[in-house]
Amino acid sequence: MFLKILGTAAGGGFPQWNCNCPNCQAVRTSRAGVNWLNQSSIAVRKNNQPWFLVNASPDIRPQLEKLREGQPSTIRSSPIAGVLLTDAEIDHTTGLVILRESTEKLRVYGTQTVRMALTEGYPLLSTLASYCGVEWSVLEPHVPINLGLNGADGLEVEVFPLAAKPPKYMRDKANLDGVWVIGLTFRDRTTGKVATYAPGLAELDEKILERFESSDCILVDGTCWQNDELLALGISKLQARDMGHLPLNVSLKSLANLSRPRKILVHINNTNPILLPDSEERKIVEAAGIEVGYDGLTIEL
């Protein structure tokens with residue numbers, strides 16, 4: 001099984017287009033070791049089978065180019081077999097519009113609440129129906145499904161619910177019940193290797209920690225260093241927890257205590273000081289045995 005990080009940054013990317021925080025200024029001035037980052041997305045596949053994209057970010061076009069190695073040289077081809085959505089946030093779904101030029105129906109996987117949001121609140125699915133069309137597969141918590149094409153076995157995904165709020169564009173709707181955010185656990189049925197992806201982590205309970213501990217690799221929410229990070233910079237009145245993200249200075253100890261998995265932080269906000277390689281916060285994270293993810297990182301399990 002292979003996983004490739006296509007985008008490490010949270011919504012807005014790094015640097016964010018309208019932000020002049022110290023981090024964004026550092027990357028714009030080419031400070032050593034500070035790199036531009038695309039918005040949050042990964043891809044996963046089994047051996048040389050087609051890639052499955054996890055979340056369709058606004059940066060999807062350059063991200064898909066990173067998956068083209070070994071692709072057929074036909075006049076039209078896609079490097080992905082389908083898209084799995086962890087939520088209905090704009091940052092994770094807008095890239096679907098770019099895929100409208102597909103010559104086949106898009107295979108999209110998500111929960112019933114995500115499908116409802118993308119139909120009633122942010123009507124991407126009805127828009128795509130006028131172009132390539134969508135073949136929707138429902139993801140239900142704790143129900144593993146086989147991602148092998150044409151019945152091929154080997155790669156399985158199981159989703160699990162994460163405590164979080166619906167996207168802003170849905171919060172005035174009447175029916176907000178259901179699973180709004182999920183994490184994904186991928187299993188290689190041949191090797192037994194396990195990887196878990198959780199870019200939106202509002203809480204860290206014993207069940208989630210057990211899932212992480214039983215994985216060989218975890219890619220986990222590293223959005224903000226502290227809860228009032230945006231507030232302290234005068235950027236927003238929202239705190240990390242308000243946005244459904246557990247701050248790192250709270251989750252770090254629990255993540256460090258995990259003994260089995262390789263631990264990699266993703267979905268990192270442009271304000272998080274861990275993006276600066278010489279920051280004290282970066283040193284604390286690395287001393288805890290946790291990696292700061294970067295675009296292009298490929299994990300083989």
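All residue numbers in this chain count up from 1 along the given sequence. These figures come from a predicted structure and were not determined experimentally.
Hydrophobic clustering, with ILVMFWY side chains joined whenever heavy atoms are under 4.5 angstrom apart, keeps Met243 apart from Val114. Grouping the Ile, Leu, Val, Met, Phe, Trp and Tyr side chains by contacts below 4.5 angstrom, directly or via other members, places Val27 apart from Leu233. In the hydrophobic clustering of ILVMFWY residues, with side-chain heavy atoms under 4.5 Å counting as a link, Val83 and Val134 come out together. Linking ILVMFWY residues whenever their side-chain heavy atoms come closer than 4.5 Å, directly or via other members, leaves Leu231 and Ile268 in distinct clusters. In the hydrophobic clustering of this structure, Leu53 groups with Phe2; members are Ile, Leu, Val, Met, Phe, Trp, Tyr whose side-chain heavy atoms approach within less than 4.5 Å, directly or through other members.
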Exercise. Arg260 and Glu213: salt bridge (Lys or Arg N to Asp or Glu O under 4.0 Å), yes or no, with the steps?
Worked result: CA-CA 6 Å; Arg260 177 181 173 183; Glu213 187 64 84; over 6 Å; no

Problem set entry | Worked check of side chain to side chain contact (heavy atoms under 4.5 Å, CB included) between Val97 and Leu124 | CA-CA 7 Å; Val97 174; Leu124 284 178; 3.2 Å; yes

For this session: Check the pair Leu106, Leu128 against side chain to side chain contact (heavy atoms under 4.5 Å, CB included), reporting the backbone distance first and the verdict last.
Result: CA-CA 9 Å; Leu106 290 179; Leu128 288 169; 4.1 Å; yes

For this session: List the steps and the verdict of side chain to side chain contact (heavy atoms under 4.5 Å, CB included) for Glu203 and Asp205.
Result: CA-CA 6 Å; Glu203 300 293 342; Asp205 59 26; 5.6 Å; no

Exercise. Would Thr86 and Val159 count as a side chain to side chain contact (heavy atoms under 4.5 Å, CB included) if you check the C-alpha gap in whole Å, the side-chain angles of each, and the deciding distance to 0.1 Å?
Worked result: CA-CA 9 Å; Thr86 62; Val159 309; over 6 Å; no

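Considering only heavy atoms from C-beta on, Pro273 stays 4.5 Å or farther from Arg282 through its side chain. Taking 4.5 Å as the limit, some side-chain heavy atom of Cys217 sits within range of a side-chain heavy atom of Leu301. Taking the side chain as every heavy atom from C-beta outward, Asp278 and Arg31 approach each other to under 4.5 Å. Counting only heavy atoms from C-beta outward, the side chains of Phe14 and Leu275 approach each other to under 4.5 Å. Between Arg211 and Glu158, some side-chain heavy-atom pair lies under the 4.5 Å cut-off. Counting heavy atoms from C-beta outward, Val54 and Phe186 have side chains that approach closer than 4.5 Å. With a 4.5 Å cut-off on side-chain heavy atoms, Arg115 and Leu125 count as touching. Between Phe160 and His142, the closest side-chain pair of non-hydrogen atoms falls below 4.5 Å.
Side-chain atoms of Gln39 come within 3.5 Å of backbone atoms of Gly12 as a donor-acceptor pair (strictly under, hydrogens ignored). Side chain of Gln16 to main chain of Asn270: no donor-acceptor pair is present (N/O by atom type, distance under 3.5 Å, no hydrogens or angles). Judged purely by atom type and a 3.5 angstrom limit, Arg107 has no side-chain atom pairing as donor or acceptor with the backbone of Tyr109. Between the side chain of Lys263 and the backbone N or O of Leu255 there is at least one donor-acceptor pair closer than 3.5 Å. Proximity of a side-chain donor or acceptor of Asp188 to a complementary backbone N or O of Thr191 within less than 3.5 Å is detected. Side-chain N or O atoms of Arg68 include none that pairs as donor or acceptor with a backbone N or O of Glu65 at under 3.5 Å. Between the side chain of Gln226 and the main chain of Asn249, no donor-acceptor pair closer than 3.5 Å is present. Remark: the backbone N or O of Asn272 is not paired with any side-chain donor or acceptor of Glu281 at under 3.5 angstrom. Counting only distance, with no hydrogens or angles, the side chain of Asp87 and the backbone of Glu89 share a donor-acceptor pair below 3.5 Å.
Remark: Lys193 NZ is loosely packed, at most 12 non-hydrogen atoms of other residues, nucleotides or ligands lying under 6.0 Å away. Heavy atoms from other residues, nucleotides or ligands lying under 6.0 Å from CZ of Arg171 number more than 12. Applying the 6.0 Å contact sphere to CZ of Arg28 captures more than 12 heavy atoms from other residues, nucleotides or ligands. Atom OH of Tyr169 has more than 12 neighbouring heavy atoms from other residues, nucleotides or ligands inside a 6.0 Å radius.
Side chain to side chain, Gln239 and Asn227 meet the donor-acceptor criterion of an N or O pair below 3.5 Å. With no hydrogens or angles considered, a side-chain donor-acceptor pair links Lys46 and Thr190 at under 3.5 Å. Remark: the Thr94 side chain and the Tyr122 side chain contain an N/O donor-acceptor pair separated by less than 3.5 Å. A donor-acceptor contact under 3.5 angstrom links the side chains of Ser57 and Gln63, judged on distance only. Of the N and O atoms on the side chains of Asn55 and Ser41, not one donor lies less than 3.5 Å from an acceptor on the other residue. If you check the side chains of Thr8 and Asp295, you find a donor sitting under 3.5 Å from an acceptor. A donor-acceptor contact closer than 3.5 angstrom is absent between the side chains of Gln25 and Asn23.
Taking the six-membered ring where the residue is Trp, His267 and His92 present perpendicular rings, their angle passing 60° and hence far from 30°.
Note that CG of Leu155 and CG of Leu147 are 5.0 Å apart. Values are rounded to the nearest 0.5 Å. To the nearest 0.5 angstrom, Ser236 atom OG is 5.5 Å from Leu230 atom CG. To the nearest 0.5 Å, atoms CG (Leu219) and CD1 (Ile42) are separated by 5.5 Å. Atom CH2 of Trp136 is separated from atom OG1 of Thr119 by 7.5 Å, given to the nearest 0.5 angstrom. For the atom pair CZ (Arg187) and CG (Asn146), the distance works out to 13.0 Å, reported to the nearest 0.5 Å. To the nearest 0.5 Å, atoms CG (Leu248) and SG (Cys224) are separated by 8.5 Å.
In this structure, Val250 and Arg241 approach most closely via the heavy-atom pair CG1-NH2, 3.8 Å. The minimum heavy-atom distance between Val266 and Tyr197, with the atom names listed, is CG2-CE1, 3.9 Å. Contact detail for Ser254 and Leu209: the closest heavy-atom pair is CB-CD2, 4.1 Å. Nearest heavy-atom pair across Ser279 and Ile274 is OG-CA, 4.1 Å. Heavy atoms only, all atoms of each residue included: Ile235 and Cys19 are closest at CD1-SG, 4.2 Å. Across all their heavy atoms, Leu96 and Leu85 have their closest contact at CD1-CD1, 4.4 Å.
No salt bridge links Glu210 with Lys207; every basic N to acidic carboxylate O contact stays at or beyond 4.0 Å.
Put simply, the residue from Thr223, Asp221, Val220 that forms a side chain to side chain contact (heavy atoms under 4.5 Å, CB included) with Leu265 is Val220.
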